[in-house]
Amino acid sequence: MVSKKWAGLISLILGIIFLISPVGGVKAISMFSGIILALIGVWMILNALKERYYRRLSLFWFIFAILLILVGALLAFQIILISTFAGFWLYVTGLLFIIAGFIVVLSAWDAHVTRTLGVMGILVGLIYFVVGILAFNPVFLGVIIGIILIIYGLVILFS
């Protein structure tokens, strides 16, 4: 029980820090994520070299590990920020929601409930699309992360 309260308090403090310095928070997440990805890549290379008996599988592990190390280095040294990945992911997800919504609306025009779900999918897709475009800006992404952390911290503290 005490650990949940500590997690809520830490989340609340981190959320406030993100709101005070959104770009600094995004840079910290980018560096931390880069280091973690690079370490996972090194671990995968070591496992790929150790398991040479399964040549095809170890080759895929090796190639994926090299990609992880490259992306990890790019993130850790802030050549690219994590906001680029977040923005791209939200943008693509929004497009997929919009396309799926249109398909549902057009395929079930007579069914009211299904048509309503399709329209809701289109609206959610538009929201994702707009947030994805805005997430390319590290300030906006930092503010969003800060708000989410504060809400999460408050929910944990008062639950």
Side-chain angles (χ1 to χ4, degrees), residues 1-101 121-159:
M1 186 69 159
V2 174
S3 64
K4 281 179 66 175
K5 299 297 181 187
W6 277 106
L9 187 62
I10 290 171
S11 177
L12 191 63
I13 292 169
L14 285 174
I16 292 169
I17 290 171
F18 265 88
L19 287 180
I20 292 171
S21 176
V23 175
V26 171
K27 284 183 179 182
I29 286 178
S30 183
M31 289 174 60
F32 182 72
S33 299
I35 291 168
I36 297 297
L37 284 177
L39 289 174
I40 291 171
V42 169
W43 176 79
M44 287 181 73
I45 284 178
L46 294 174
N47 279 327
L49 293 174
K50 185 174 78 172
E51 298 292 333
R52 286 179 281 183
Y53 180 73
Y54 304 104
R55 294 208 187 269
R56 286 185 189 167
L57 186 60
S58 65
L59 180 65
F60 288 126
W61 270 58
F62 190 79
I63 292 170
F64 190 69
I66 296 295
L67 288 173
L68 279 178
I69 291 172
L70 288 173
V71 170
L74 291 174
L75 286 172
F77 296 114
Q78 298 176 8
I79 296 169
I80 56 173
L81 285 176
I82 201 151
S83 59
T84 306
F85 288 125
F88 182 72
W89 174 74
L90 289 166
Y91 185 75
V92 169
T93 304
L95 283 176
L96 292 174
F97 265 118
I98 292 169
I99 292 168
I122 293 170
L123 292 175
V124 169
L126 289 172
I127 292 170
Y128 265 77
F129 193 77
V130 170
V131 171
I133 291 170
L134 294 174
F136 282 112
N137 183 352
V139 174
F140 179 76
L141 185 62
V143 168
I144 291 295
I145 292 171
I147 291 170
I148 290 170
L149 285 171
I150 287 173
I151 292 170
Y152 176 75
L154 290 173
V155 167
I156 293 296
L157 285 174
F158 292 114
S159 65

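Computation of the quantities below employed the complete heavy-atom set of this structure, encompassing side-chain atoms and omitting hydrogens, waters and symmetry-equivalent molecules. Position 1 is the first residue of the sequence; numbering continues from there. Given the structure is predicted, the values throughout are model-derived calculations rather than measurements.
No donor-acceptor distance shorter than 3.5 angstrom exists from the side chain of S33 to the backbone of S30, with no hydrogens or angles considered.
At a threshold of 4.5 Å between non-hydrogen side-chain atoms, the residues L19 and I147 count as touching. Looking at I69 and I45, their side chains come closer than 4.5 Å, going by heavy atoms from C-beta outward. Between L157 and K5, the closest side-chain pair of non-hydrogen atoms falls below 4.5 Å.
Looking at every heavy atom in both residues, M31 comes nearest to A76 through CG-O, 3.4 Å. The minimum heavy-atom distance linking G41 with A65 is given by the pair O-CB, 3.2 Å. Listed here is the closest heavy atom pair of G87 and A135: CA-CB, 3.8 Å. The shortest heavy-atom contact between G153 and S11 is N-OG, 3.5 Å.
Shown here are the side chain to side chain contact (heavy atoms under 4.5 Å, CB included) partners of I99, two or more places apart in sequence or in another chain: I103.
Rounding to the nearest 0.5 Å places CZ of F62 at 6.0 Å from CG of L49. Distance CD1/I127 to CD1/I98: 10.0 Å, rounded to 0.5 Å. Note: I16 CD1 to S21 OG = 14.0 Å, rounded to the nearest 0.5 Å. Taking CG of L134 as the start and CZ of F140 as the end, the distance is 4.5 Å to the nearest 0.5 Å. For the atom pair OG1 (T84) and CG (L141), the distance works out to 9.5 Å, reported to the nearest 0.5 Å. The CG atom of L154 lies 11.0 Å from the CG atom of L149; values are rounded to the nearest 0.5 Å.
Residue pairs meeting the ring-ring contact (aromatic ring centres under 6.0 Å, His included) criterion with at least one member in residues 70-91, sequence neighbours excluded: Y91-F129. Screening residues 17-44 for ring-ring contact (aromatic ring centres under 6.0 Å, His included), with sequence neighbours left out, gives W43-W61.
Within a 6.0 Å radius of OH in Y152, no more than 12 heavy atoms belonging to other residues, nucleotides or ligands are found. Within 6.0 Å of CZ on F136 lie more than 12 heavy atoms contributed by other residues, nucleotides or ligands.
Of the options I144, I145, I151, a side chain to side chain contact (heavy atoms under 4.5 Å, CB included) to I148 is made by I144 and by none of the others.
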